[in-house]
Amino acid sequence: MNSKKRYSVQDALEIITGDDSEFEGCEGSSDEDPEDPDYTPSNKDSNKDMESDESSGSDDSESSESSEVAPPPNINPEQQNTTIQGKKLFSWRKKPFEPPECAFKGQSVTLPDDLHTPLEYFRQFITVEMLELLKEQTNLYSVQKSDSLCNVNTTVKELEVLTGLYLRMGLCQMSGNRAYWENDTRCPMVADNMSRNRFQTLLTSLHFTDNTDLSNRIVDDKCWKIRPWLDRFRKQCLAITPEEHNSVDEQMVPFRGTHSPIRQYVKGKPHPWGLKIWGRCSSSGILNDFEVYEGGTGRRTVLGMGGDVVVKLCEALPSDQNYKVFADNLFSSAALVLKLLQRQIYFVGTIRSNRLAGCQLEDDKSLAKRGRGSVDARVEREETMVIVKWYDNKSVTLISSFCAVEPQDKARRWSKAQRVFVEISRPHIVKQYNTFMGGIDLLDACVARYKYHMRSRRWYLYLFWQSIMLGLVNAWLIYRRDCRLLGFQKPLKQRSFQAEVATSLVLLHSRRGRPTLNNLSPPPPPPKRVRVGVPSDVRTDQVAHWPLKCDKRGRCKYCKINATTTLCEKCDVRLCFTEERNCFKCYHLA
């Protein structure tokens with residue numbers, strides 16, 4: 001016979017309340033991220049204690065000592081302000097930070113021998129080998145997607161024309177692709193170089209890898225459809241000589257379609273829906289490295305997702321050369337600073353309040369009482385890094401391994417109370433961050449300025465057109481840098497540079513056909529064209545430069561002396577074509 005166990009009132013209370021060990025892992029709701037490797041509990045109770053100390057009427061309430069919380073009696077005072085980050089013990093002290101010897105030892109940008117043409121700069125990033133790959137896969141895909149042998153049979157030259165037309169569309173933007181060929185809105189510089197049907201056929205056939213080859217479908221690679229193109233474009237970006245100061249940030253490619261495994265939503269962005277790209281840029285905006293974000297992996301690491309991105313993008317930087325890297329609070333942590341210091345790469349970035357690695361700083365109220373421009377700083381025990389909190393309109397916290405508060409300068413700010421501009425003190429770390437952090441933002445502004453948004457249901461084509469614009473902007477920025485090194489005072493603006501690249505891609509090595517000789521009557525005068533002259537790449541390609549007679553005489557483009565009626569059909573300029581003076585030949589060979 002089974003006997004029932006009887007419980008007393010005390011036993012029932014113990015069962016209901018439970019032991020403290022049973023509730024491990026149960027936490028209250030908070031805005032802080034406990035899964036972050038640099039997470040430290042918020043010090044709300046400590047802040048309350050500090051506020052109560054300030055309200056007690058002590059005369060030293062505005063001193064720096066008032067922001068430090070007194071340690072409990074059973075804790076050694078030397079161990080206060082200390083925490084464990086992963087396997088590293090961090091201890092912070094309030095003392096001046098001694099900047100390390102971090103003079104740049106890397107390879108500097110060399111002076112170019114001569115200034116290249118815009119097309120040559122563009123082909124440093126969108127190479128002929130990349131277009132050859134695109135041609136092969138496009139022709140293969142056009143056959144695979146149809147039951148019959150319907151090969152588009154495109155060529156590298158035709159793909160160059162397609163790229164040139166896309167760049168021209170960015171200079172003269174319309175509501176849709178078909179508008180460039182319609183009678184009411186026809187754009188001659190686009191419609192005269194490719195028919196509408198052929199343009200649409202090429203767009204629907206663009207492809208970058210073989211769908212039937214299962215070896216291309218790498219596990220956990222959601223961008224395998226465009227991976228060969230991205231790898232080759234990244235290789236060209238890595239060939240650029242990196243500058244001393246680099247910035248890491250995110251970039252959004254606008255895309256609102258639903259058929260994408262990597263589409264992201266980032267609240268607060270100008271284009272919240274899109275494809276995210278991590279990028280490393282120089283301070284001048286030149287893209288040196290990038291990686292397409294394919295979503296979270298679910299694996300926890302020591303540095304976290306943001307720290308891993310910075311480490312991966314900095315792998316191409318040479319070690320022990322004193323490069324400087326800047327990032328915002330999405331990436332920054334104390335563990336990341338130590339990781340980069342192992343390769344002698346120095347870091348500056350804003351940092352979130354839950355990643356301070358146990359560093360106790362003055363609260364906002366204490367800094368506000370001291371006024372705008374007040375600063376509080378703490379140095380790590382081994383003096384490898386410093387955390388600085390600066391109060392302007394509101395507080396901002398930064399972490400660095402090579403610069404701190406001194407030397408301070410003045411920043412001009414508007415005072416609402418006095419209704420005048422005032423000067424406030426600004427730490428050196430803030431000046432460095434504001435100077436060298438905006439590389440990705442500058443690149444985004446240049447890309448969005450003349451980018452045509454080609455709509456498609458295939459999400460990876462958005463990455464393809466983005467790479468075309470990134471290559472163009474990179475080419476323009478390097479061209480401007482070479483102009484500055486060579487002493488050229490008036491480099492081409494981005495619009496003129498893009499127009500010249502587009503014209504060169506369309507007209508280089510193109511054949512328009514020789515004028516017919518069947519009609520004995522004089523040919524009608526050529527229609528007026530918008531363009532005047534052609535780029536030097538087209539002028540010297542020695543393809544289809546036919547002389548044409550016109551009724552109106554004009555000054556020779558080469559000698560600028562004689563008046564002639566001979567016109568180069570392709571270059572649209574008048575040139576002497578006589579036995580005594582053959583400027584026609586000299587102009588196309590110079």
Side-chain angles (χ1 to χ4, degrees), residues 30 32-47 49-50 64-65 67-72 74-100 102 300-311 314 324-363 366-367 375-390 395-405 427 429 433:
S30 173
E32 299 174 341
D33 185 9
E35 296 184 359
D36 193 286
D38 294 329
Y39 169 77
T40 56
S42 61
N43 300 317
K44 294 181 179 179
D45 297 335
S46 301
N47 293 337
D49 294 338
M50 286 190 295
S64 59
E65 288 78 12
S67 63
E68 299 179 359
V69 182
N74 58 347
I75 295 180
N76 187 357
E78 284 295 324
Q79 296 180 353
Q80 66 171 324
N81 212 9
T82 303
T83 187
I84 295 179
Q85 285 303 98
K87 297 182 180 181
K88 174 65 179 177
L89 184 68
F90 292 94
S91 181
W92 304 90
R93 302 289 184 268
K94 186 169 185 178
K95 61 179 181 179
F97 178 73
E98 296 294 336
C102 56
R300 294 186 61 183
T301 60
V302 176
L303 300 179
M305 182 268 295
D308 291 339
V309 168
V310 175
V311 172
C314 293
K324 282 81 176 177
V325 176
F326 299 78
D328 59 18
N329 57 20
L330 177 64
F331 310 91
S332 302
S333 66
L336 173 62
V337 175
L338 293 182
K339 181 70 174 180
L340 294 178
L341 279 177
Q342 295 176 3
R343 299 181 53 216
Q344 205 168 332
I345 297 176
Y346 296 93
F347 181 85
V348 172
T350 55
I351 188 169
R352 296 178 179 177
S353 59
N354 60 350
R355 297 184 184 179
L356 296 181
C359 179
Q360 300 289 340
L361 296 167
E362 290 189 44
D363 60 346
S366 176
L367 291 175
V375 182
D376 185 31
R378 297 292 187 275
V379 181
E380 207 271 330
R381 178 178 55 186
E382 299 178 0
E383 298 187 0
T384 56
M385 68 187 80
V386 59
I387 294 181
V388 178
K389 189 173 185 179
W390 179 56
S395 62
V396 59
T397 309
L398 301 98
I399 186 171
S400 172
S401 56
F402 76 95
C403 62
V405 178
I429 185 175
Y433 181 84

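Keep in mind it's a predicted model, so treat the numbers as computed, not measured.
Looking at K94 and D376, their side chains come closer than 4.5 Å, going by heavy atoms from C-beta outward. When side chains are defined from C-beta on, T384 does not count as touching F90, because their heavy atoms never get closer than 4.5 Å. Within the 4.5 Å cutoff, the side chain of Y346 has no heavy atoms near those of the S400 side chain.
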Decide yes or no on side-chain contact (heavy atoms from CB on, under 4.5 Å) for K389 and L398, but give the supporting numbers first. CA-CA 6 Å; K389 189 173 185 179; L398 301 98; over 6 Å; no
Can you check side-chain hydrogen bond (donor to acceptor under 3.5 Å, both in side chains) on R93 and S91, steps first, answer last? CA-CA 7 Å; R93 302 289 184 268; S91 181; 2.5 Å; yes
Dump the intermediate steps for side-chain contact (heavy atoms from CB on, under 4.5 Å) on T397 and V388, then the final yes or no. CA-CA 6 Å; T397 309; V388 178; over 6 Å; no
Checking R378 against L361 for the side-chain contact (heavy atoms from CB on, under 4.5 Å) test, could you report, in this order, the C-alpha distance in whole Å, the side-chain angles of both residues, the deciding distance, and whether it holds? CA-CA 7 Å; R378 297 292 187 275; L361 296 167; 3.6 Å; yes
Take V337 and I399 through the test side-chain contact (heavy atoms from CB on, under 4.5 Å) and record every step on the way to the result. CA-CA 8 Å; V337 175; I399 186 171; 3.9 Å; yes
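With rounding to the nearest 0.5 angstrom, the CG atom of L341 is 12.0 Å from the NZ atom of K339. Taken from CZ in F402 to CD1 in I345, the straight-line distance is 12.5 Å, to the nearest 0.5 Å. The line from OG1 of T350 to CZ of F331 is 10.0 Å long, rounded to the nearest 0.5 Å. Atoms CZ and OG, on F326 and S332 in that order, are 11.0 Å from each other to the nearest 0.5 Å. Distance check: L336 CG to L338 CG gives 9.0 Å after rounding to the nearest 0.5 Å. To the nearest 0.5 angstrom, D328 atom CG is 12.0 Å from I351 atom CD1.
S366 approaches D363 most closely through the heavy-atom pair CB-OD1, 3.0 Å. Heavy atoms only, all atoms of each residue included: V379 and V386 are closest at CG2-CG2, 4.1 Å.
Although no hydrogens or angles enter the test, the distance criterion places a donor-acceptor pair under 3.5 Å between the side chain of W92 and the main chain of A357. Side-chain atoms of S401 come within 3.5 Å of backbone N or O of F347 as a donor-acceptor pair. One N or O on the side chain of E380 and one on the backbone of E382 form a donor-acceptor pair closer than 3.5 Å.
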